[in-house]
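Heads up, the thing below is written out as structure tokens.
Here is how names work: the chains are called A, B, and so on, in the same order as the sequence lines, proteins then strands, and each is numbered from 1. All heavy atoms count here, side chains included; hydrogens, waters and symmetry mates do not.
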Number of protein chains: 2
Amino acid sequence: MNNIETALCPKVEAAFTLLAKKWTGLILFSMASGEYCFNELMAAIPGLSARLLSVRMRELEEAGLVKRQVRDELSPIRVTYSLTAKGSSLAAVLLKIAEWANN
Amino acid sequence: MNNIETALCPKVEAAFTLLAKKWTGLILFSMASGEYCFNELMAAIPGLSARLLSVRMRELEEAGLVKRQVRDELSPIRVTYSLTAKGSSLAAVLLKIAEWANN
DNA sequence: TTACTAGCTTACTAATAGTAACCGCCTATG
DNA sequence: CATAGGCGGTTACTATTAGTAAGCTAGTAA
């Protein structure tokens, strides 16, 4: 048999752990271009609930993949979310998963 | 605000749903090259239990990403798992996630 | 005979996700 | 002024998934 040459480094494990949480991949993928507000993302990802979107956005913010901005010059106050550089480089890979899915 | 131009097609959703199950990504990634038997995968992926590995392998087999072979010419009987063409094209994308993780 | 390995499965508990209702703030309408 | 509605969530409760530990079948090995 083969032995496994790609050792699992903690960073790789962490990346897969993040993406293994439900909706995380789809959220990042959906955010690939531009800024979105909470309800836009809700509308873009059918089945995703406000509770989990809220939880995931906090996780992604903490992971440094997403930036949250309160735009209080608008009325009513809007909150927009956008990918950081780190986030959008990951989203680029996720676009390849979508390509793969389409064969 | 932006509108989201990447419509979520069912195939893309299905791909992310598969990868959102815990360990699926790591399993495919770990299988990227060659054949592995059950206990090799267990050893390669710390934290993964026999129960879930068994469940995941069945799912991946059903999804057509993994091929299971019982090698009864060996004693004791060995079972080996390898990626199908479909599986290894996905694993190639997962390798990019690992690259991303290493920055 | 006893022990050990491979490849699982089963029963049970803990963690994660889904559902529905509700909140505070602001604006628009009657 | 009252009330209705949208935005961006939170809370409480249920259902689904994952983790843990034990055990099982079949085949060596000592």
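Interatomic distance, I45(A) CD1 to M31(A) CE, rounded to the nearest 0.5 Å: 9.0 Å. Once rounded to the nearest 0.5 Å, the distance linking CZ of R58(B) with CG of L53(B) reads 10.5 Å.
Nucleotide dG8(D) holds its C1' atom 14 Å from the CD atom of E61(A), rounded to whole Å. Note: CD (Q69(A)) to P (dC7(D)) measures 19 Å, nearest angstrom. Nucleotide dG19(D) holds its C1' atom 16 Å from the CD1 atom of I45(B), rounded to whole Å. Counting to the nearest Å, the C1' atom of dG8(D) and the CD atom of E40(A) are 13 Å from each other.
Residue pairs meeting the salt bridge (charged side-chain N to carboxylate O under 4.0 Å, His left out) criterion with at least one member in residues 84-103 of chain B, sequence neighbours excluded, do not occur.
N103(B) pairs by the side chain to side chain contact (heavy atoms under 4.5 Å, CB included) definition with nothing, not counting sequence neighbours. Not counting sequence neighbours, the partners of W100(A) by the side chain to side chain donor-acceptor pair (under 3.5 Å) test are S89(B). With sequence neighbours excluded, the residues satisfying side chain to side chain donor-acceptor pair (under 3.5 Å) with R68(A) are Y81(A).
Salt bridge E59(B)/K21(B): present, at least one basic N to carboxylate O contact under 4.0 Å.
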Legend entry - Per-nucleotide protein contact string for nucleotides 11-17 of chain D (B base, S sugar-phosphate only, - none; heavy atom under 4.0 Å): BB-----
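Contact footprint of chain B on DNA chain C: nucleotides with an atom under 4.0 Å from a non-hydrogen protein atom, first to last in 5' to 3' order, dA6(C) to dA11(C).
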